[in-house]
Amino acid sequence: MNISDIKTEQDLLDVLKGYTTFERAVYLTTFKIPRGKVSTYSRIAKKIGHPKAFRAVANTLNKCPLWPVVPCHRVVASDGRFTGNEKGASHRRILIRDEGVPIKGGKVVLTEDVLF
DNA sequence: CCCGTGACCGACT
DNA sequence: CAGTCGGCCACGG
């Protein structure tokens, strides 16, 4: 199955076979983030039942082998910053802005209505 | 099994 | 407000 054919969560799970349960949980949760919204490494960690594994979540999203099926660009730091190297960060910032998420001072304005 | 590696986080100075 | 610092943890070598 091609990555571009992934439509449902089940499709994603099939493609994710062979991955770690932790990685599957991270990608599956990220997959659910709707356009126009964002989440943070910390929030994802809580959602998958590993509230203190936010750092490991970042490592996993950094790989992001299934982009753009899995919208890894919608996950930012807890203060709204786009982390990582300048190139990737600025790229994600463009995408997020195009999706209609408010950005101020180069950071996402993290309000309840924009957080997933 | 130990160790280095981060797209981290929150507290503290 | 800008740095620093200690704690955190899955993963691969």
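Computation of the quantities below employed the complete heavy-atom set of this structure, encompassing side-chain atoms and omitting hydrogens, waters and symmetry-equivalent molecules. In the text below, chain A, chain B and the rest are named by the order of the sequence lines, each starting its count at 1. Just so you know, these numbers come straight off a predicted model, no measurement behind them.
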Cationic tip of A/Lys47 above A/Phe116 ring, under 6.0 Å, 45° of axis: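 Yes, cation above the ring, under 6.0 Å and within 45°.
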[X] has an atom [atom1]; how far is it from atom [atom2] of [N], in whole Å?
| X | N | atom1 | atom2 | result |
| --- | --- | --- | --- | --- |
| A/Arg81 | B/dG10 | CZ | C1' | 12 Å |
| A/Ile44 | B/dC9 | CD1 | P | 11 Å |
| A/Asp79 | B/dA7 | CG | C1' | 12 Å |

pair [X]-[Y]: side-chain heavy atoms closer than 4.5 Å:
| X | Y | result |
| --- | --- | --- |
| A/Phe54 | A/Ser78 | no |
| A/Thr40 | A/Leu110 | yes |
| A/Leu16 | A/Leu66 | yes |
| A/Asn59 | A/Glu23 | no |
| A/Thr8 | A/Leu13 | no |

Donor-acceptor side-chain pairing of A/Ser4 and A/Asn2 below 3.5 angstrom: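 No pair is found: no donor N or O on one side chain lies under 3.5 Å from an acceptor on the other.
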N/O to N/O distances under 3.5 Å, protein versus nucleotides 11-13 of chain B:
none

Side-chain hydrophobic cluster, 4.5 Å single linkage: members besides A/Val109: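 Listed partners: none, A/Val109 stands alone.
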Short side-chain N/O contact from A/Thr40 to OP1 or OP2 of B/dC8, under 4.0 Å: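 No.
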Side chain to side chain contact (heavy atoms under 4.5 Å, CB included) against A/Glu99, all qualifying residues, sequence neighbours excluded: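 Testing A/Glu99 for side chain to side chain contact (heavy atoms under 4.5 Å, CB included), a comparison that skips the adjacent residues, returns A/Arg35, A/His73, A/Arg74, A/Ile96.
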Close approaches to DNA chain C from residues 92-116 of chain A, in residue order (heavy atom, under 4.0 Å):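 Those residues: none at all.
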Residue of the set A/Val57, A/Val26, A/Leu61 for which side chain to side chain contact (heavy atoms under 4.5 Å, CB included) holds with A/Val75: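 When A/Val57, A/Val26, A/Leu61 are each tested with A/Val75, the side chain to side chain contact (heavy atoms under 4.5 Å, CB included) holds only for A/Leu61.
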Backbone of A/Leu12 reached by a side-chain donor or acceptor of A/Arg24 within 3.5 Å: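 Not a single qualifying donor-acceptor pair exists.
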Heavy atoms from other residues, nucleotides or ligands near NZ of A/Lys46 exceed 12 (cutoff 6.0 Å):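 Check fails, neighbour count at 12 or below.
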Hey, what are the protein-to-nucleotides 10-12 of chain C N/O distances that come in under 3.5 Å?
residue	atom	partner	partner atom	Å
C/dC11	OP1	A/Thr20	OG1	2.9

Same apolar cluster (I L V M F W Y, side chains within < 4.5 Å links), A/Val101/A/Phe82: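 Cluster IDs for A/Val101 and A/Phe82 match.
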Nucleotide nearest A/Ser42 when distance is taken to its side chain, options B/dA7, B/dC9, C/dC8: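 Nearest to the side-chain atoms of A/Ser42, counting from C-beta on, is B/dC9.
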Pairs under 3.5 Å (N/O, protein and nucleotides 2-7 of chain C):
residue	atom	partner	partner atom	Å
C/dG7	O6	A/Arg55	NH1	2.8

